[in-house]
Structure formats: structure tokens, C-alpha cells
Amino acid sequence: MQPSRDIERLIEIMEALRQPETGCPWDVVQTFETIKPYTIEEAYEVADAIERNDMDDLCEELGDLLLQVVFHARMAEERGDFDFGSVVEAVTRKMIRRHPHVFARSDADTPEAVKLQWDAIKQAEKRERKERRAKRGLPEDPLRGHLGSVQRSFPALVEALKLQERAAKVGFDWSEPAPILDKIEEEIGELREALRNDDPKAVADELGDLIFALVNIGRHVGADPEMALRGTNTKFRNRFSHIEDSLAANGENLEAATLERMEELWQAAKQIERSLGNATSAG
């Protein structure tokens with residue numbers, strides 16, 4: 001078995017890995033549920049490579065993500081549900097159908113018109129999906145309702161953002177950011193009250209409400225909350241690395257350092273960031 005640029009080789013490799021008698025013992029026992037976490041992880045690793053602008057890693061991570069698609073398709077084929085070719089056919093059909101302004105006749109010649117056209121086509125697809133499920137005797141569509149298209153399997157921040165975007169389409173939304181700031185203050189007050197009452201369940205509930213409101217303000221000002229938080233995570237990593245490196249340079253270590261000493265180095269890291277930011281702006 002040799003590497004290849006042909007997708008068929010990857011499909012053959014997965015088939016070999018899944019052979020009960022001669023395949024890989026680990027791959028053979030996997031299911032959709034056991035593989036699902038890896039699929040999500042690989043998608044995040046693709047996003048990480050993009051954020052780091054590391055094209056070498058991006059190429060590898062895209063391959064890992066493609067492997068997940070092939071893995072799921074192979075398991076479905078073994079059950080007689082569908083195969084990899086069915087996946088490709090379904091997505092090509094969908095993209096052709098959703099882009100009549102490219103592959104057929106359409107008057108959609110602006111991004112706004114394309115978006116309206118896309119939404120109309122998706123609604124038609126939902127109706128057809130519901131009819132298919134009914135003919136096959138499947139349970140009522142789990143994606144029913146206006147919010148049904150928002151998957152519960154999304155990361156919580158992404159789900160919150162998409163729920164808010166869907167609700168906004170029918171006018172259930174704040175008209176401007178200012179009232180959301182008031183809502184955030186209200187949620188902080190309720191969180192303080194829950195903490196005073198030492199009520200863990202109420203604390204968790206109020207914390208969720210506060211985060212949901214923060215996602216909303218991000219949406220209104222055009223700051224994607226997932227990306228904003230990832231940016232802050234990166235800052236935290238960099239500043240903490242500065243603490244660690246500075247301690248090591250002075251013969252100290254994290255375990256023995258006081259909180260005051262670490263805070264001092266944290267502030268120094270922030271100052272370095274500001275200096276670099278000012279230098280970049282001046283340049």
C-alpha cells in the first residue's frame with residue numbers, strides 16, 4: 001500500500017483498517033459515537049493551524065479532518081446506510097442547487113440577494129427532508145421549529161451565537177448594543193446574589209445567562225465571541241509563558257513563586273505587549 005493523491009486510496013486504506021479479521025484492532029471497534037469527539041477535535045485543529053497561518057500544519061490537519069469523513073462514511077457503508085460516494089454526491093448536489101446564480105439562471109447578483117436566495121433554497125430543502133423522513137417512517141424531524149437548524153452538538157458559544165442569529169431573523173432581538181450592556185449588568189447582579197446565597201445551581205444558571213448576554217453584545221458589535229475568546233486565550237498563553245520564562249531566567253520556578261511575584265511579571269508581559277503594539281502602529 002503506497003501513498004497517493006487519489007481519494008480512492010484513502011478509502012481503500014480505511015476499508016483495510018476496518019476489516020474484522022485483518023484490520024487494526026482499534027479501528028475495528030470504533031463507532032459513530034466513539035469517533036465523534038475526534039471529528040470535533042480535528043476541526044478545531046484545522047482552525048488552530050489557520051489562526052497560526054501555518055500552511056504546513058493546515059495541510060496535515062485538513063487531511064486528518066478528511067480522514068474523519070472517510071471513517072464515518074465507511075462505518076455507514078458497513079451498515080448499508082450510505083458510502084463516501086453518497087456523501088460527495090449529496091454535497092455537490094446541494095452546492096449546485098444553492099448557487100443557481102453560478103450554475104443556472106438567477107438574478108441574484110449581490111451578496112445580499114445571494115443570501116436571500118440561499119435561505120429560500122434551504123427552506124425548500126427542509127420541506128423536502130421532512131417529506132423524505134415521513135415516507136421512510138422516520139420519527140418527526142429533530143430539526144423542526146425555527147431554531148431546529150441550530151445543532152445542539154455545537155460548542156456552547158457557537159450554539160448561543162447561532163440561536164441568537166436565528167431568533168434575530170424574525171425580529172426577536174435588541175435594536176442596539178446599549179440595552180444589552182444593561183442586561184449584562186443585570187445578570188452580574190443576579191450572579192452576585194446567587195454567590196451570596198451560596199447556591200451552586202443558581203450560580204451555574206446565572207453564569208450561563210451572563211455568558212449568553214456577552215455573546216449577544218459580541219454579535220451586535222461584530223466581534224465573533226468564539227474568536228474573541230480564542231484571542232484572549234492566546235494572550236493568556238503568551239503572558240503566562242512570559243511569567244514562566246522570567247522566573248526560570250532568575251533561577252525561580254512556578255511552584256515556589258508567590259501570587260504577587262507572578263502578578264508583577266504578568267503586568268510586565270502586558271507592558272511588553274503594549275510597547276510592541278505601539279511600535280507596530282508607529283511603523
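- Two different hydrophobic clusters hold Tyr44 and Ile50 under the rule that ILVMFWY side chains link at heavy-atom gaps under 4.5 Å.
- Using a 4.0 Å cut-off between charged nitrogen and carboxylate oxygen, Lys183 and Glu186 count as a salt-bridge pair.
- Using a 4.5 Å heavy-atom threshold, the side chains of Glu190 and Asp205 count as separate.
- Of the possible polar contacts, one joining the Thr92 side chain to the Glu89 backbone as a donor-acceptor pair under 3.5 Å is found.
- Here the side chains of Ile40 and Lys36 are in contact, with some heavy-atom distance below 4.5 Å.
- Between the side chain of Ser275 and the backbone N or O of Gln271, at least one donor-acceptor pair lies under 3.5 Å.
- The residues Arg18 and Glu78 are annotated as salt-bridged, a charged nitrogen and a carboxylate oxygen being separated by less than 4.0 angstrom.
- Nearest heavy atom pair, residue Leu65 against residue Ala43, reads CD1-N, 3.9 Å.
- Transitive grouping of hydrophobic side chains (ILVMFWY, heavy atoms separated by less than 4.5 Å) brings Leu66 and Phe32 into a common cluster.
- In this structure the side chain of Tyr38 never reaches within 4.5 angstrom of the side chain of Leu67, judged on heavy atoms.
- Ring orientation note: the planes of His99 and Trp118 are nearly perpendicular, at an angle over 60° on the 30°/60° scale.
- The 12-atom threshold is not exceeded at CZ of Phe236, counting heavy atoms of other residues, nucleotides or ligands nearer than 6.0 Å.
- Met14 CE to Gln19 CD: the interatomic distance, rounded to the nearest 0.5 Å, is 12.0 Å.
- The pair Glu128-Arg97 meets the salt-bridge criterion, since a charged nitrogen lies less than 4.0 angstrom from a carboxylate oxygen.
- Contact annotation: the side chain of Glu112 never approaches that of Lys115 to less than 4.5 Å [non-hydrogen atoms, C-beta and beyond].
- The side-chain heavy atoms of Phe84 and Ile7, taken from C-beta on, include a pair separated by under 4.5 Å.
- Counting only distance, with no hydrogens or angles, the side chain of Asn250 and the backbone of Glu252 share no donor-acceptor pair below 3.5 Å.
- Here the closest heavy-atom approach between residue Arg52 and residue Asp48 is recorded as NE-OD2, 2.8 Å.
- At a threshold of 4.5 Å between non-hydrogen side-chain atoms, the residues Ile35 and Thr31 do not count as touching.
- Ile13 and Leu62 fall into different hydrophobic clusters, where Ile, Leu, Val, Met, Phe, Trp and Tyr residues are linked whenever their side-chain heavy atoms come under 4.5 Å apart, directly or through other members.
- Within a 6.0 Å radius of CZ in Arg196, more than 12 heavy atoms belonging to other residues, nucleotides or ligands are found.
- Counting non-hydrogen atoms of neighbouring residues, nucleotides and ligands closer than 6.0 angstrom, the CZ atom of Phe212 exceeds 12 such neighbours.
- Note on Lys122 versus Glu125: no salt bridge recorded, every NZ/NE/NH1/NH2 to OD/OE distance being 4.0 Å or above.
- Considering all non-hydrogen atoms of both residues, Ile180 and Ala213 come closest at CG2-O, 3.6 Å.
- Of the possible donor and acceptor atoms, one in the side chain of His146 sits under 3.5 Å from a partner among the backbone N and O of Arg166.
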Pair Ile11-Arg74, side chain to side chain contact (heavy atoms under 4.5 Å, CB included): steps then yes or no: CA-CA 8 Å; Ile11 295 172; Arg74 177 60 196 175; over 6 Å; no
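- Proximity of a side-chain donor or acceptor of Gln267 to a complementary backbone N or O of Glu263 within less than 3.5 Å is not detected.
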Asp173/His220 under side chain to side chain contact (heavy atoms under 4.5 Å, CB included): CA gap, chis, key distance, verdict: CA-CA 10 Å; Asp173 194 15; His220 270 264; 3.0 Å; yes
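- Note that CD of Glu15 is 10.0 Å distant from CD of Glu8, once rounded to the nearest 0.5 Å.
- Taking CD of Glu165 as the start and CG of Leu163 as the end, the distance is 9.5 Å to the nearest 0.5 Å.
- The pair Glu51-Arg230 counts as a salt bridge, with a side-chain nitrogen and a carboxylate oxygen less than 4.0 angstrom apart.
- The CD atom of Glu12 lies 9.5 Å from the CG atom of Leu10; values are rounded to the nearest 0.5 Å.
- Closest non-hydrogen pair, Ile96 versus Phe103, comes out as CA-CD1, 3.8 Å.
- With Asn197 contributing its side chain and Glu193 its backbone, the two residues share a donor-acceptor pair below 3.5 Å.
- Residues Phe71 and Leu17 fail the side-chain proximity criterion, which asks for heavy atoms closer than 4.5 Å.
- Distance CD/Glu60 to CD/Glu45: 9.0 Å, rounded to 0.5 Å.
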Test log, rule side-chain hydrogen bond (donor to acceptor under 3.5 Å, both in side chains), inputs Asn216 and Arg219: CA-CA 5 Å; Asn216 213 347; Arg219 180 175 64 87; 2.8 Å; yes
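- In the hydrophobic clustering of this structure, Trp266 groups with Leu254; members are Ile, Leu, Val, Met, Phe, Trp, Tyr whose side-chain heavy atoms approach within less than 4.5 Å, directly or through other members.
- Residues Lys235 and Lys270 fail the side-chain proximity criterion, which asks for heavy atoms closer than 4.5 Å.
- Classification of Arg239 and Glu273 as a salt-bridged pair holds, one side-chain N sitting under 4.0 Å from a carboxylate O.
- Annotation: the span from Phe82 atom CZ to His72 atom NE2 amounts to 9.0 Å, rounded to 0.5 Å.
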Residues Ser86, Asp83; criterion side-chain hydrogen bond (donor to acceptor under 3.5 Å, both in side chains); working and verdict: CA-CA 5 Å; Ser86 304; Asp83 60 10; 2.8 Å; yes
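- When all heavy atoms are compared, the tightest approach of Val215 to Pro225 is CG1-CG, 3.7 Å.
- The cluster map of Ile, Leu, Val, Met, Phe, Trp and Tyr, joined by side-chain heavy atoms under 4.5 Å apart, puts Met227 and Val158 in different clusters.
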Test log, rule side chain to side chain contact (heavy atoms under 4.5 Å, CB included), inputs Arg261 and Leu247: CA-CA 9 Å; Arg261 173 64 171 145; Leu247 289 172; 3.9 Å; yes
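- Here the side chain of Ser246 pairs no donor or acceptor atom with the backbone of Ile243 at under 3.5 angstrom.
- Nearest heavy-atom pair, Gln117 versus Arg98, reported as atom, atom and distance to 0.1 Å: NE2-O, 4.2 Å.
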Step-by-step side chain to side chain contact (heavy atoms under 4.5 Å, CB included) determination, Asp57 to Met55: CA-CA 5 Å; Asp57 272 6; Met55 293 299 105; over 6 Å; no
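- Under a 3.5 Å cut-off, the side chain of Arg9 and the backbone N or O of Ser4 do not form any donor-acceptor pair.
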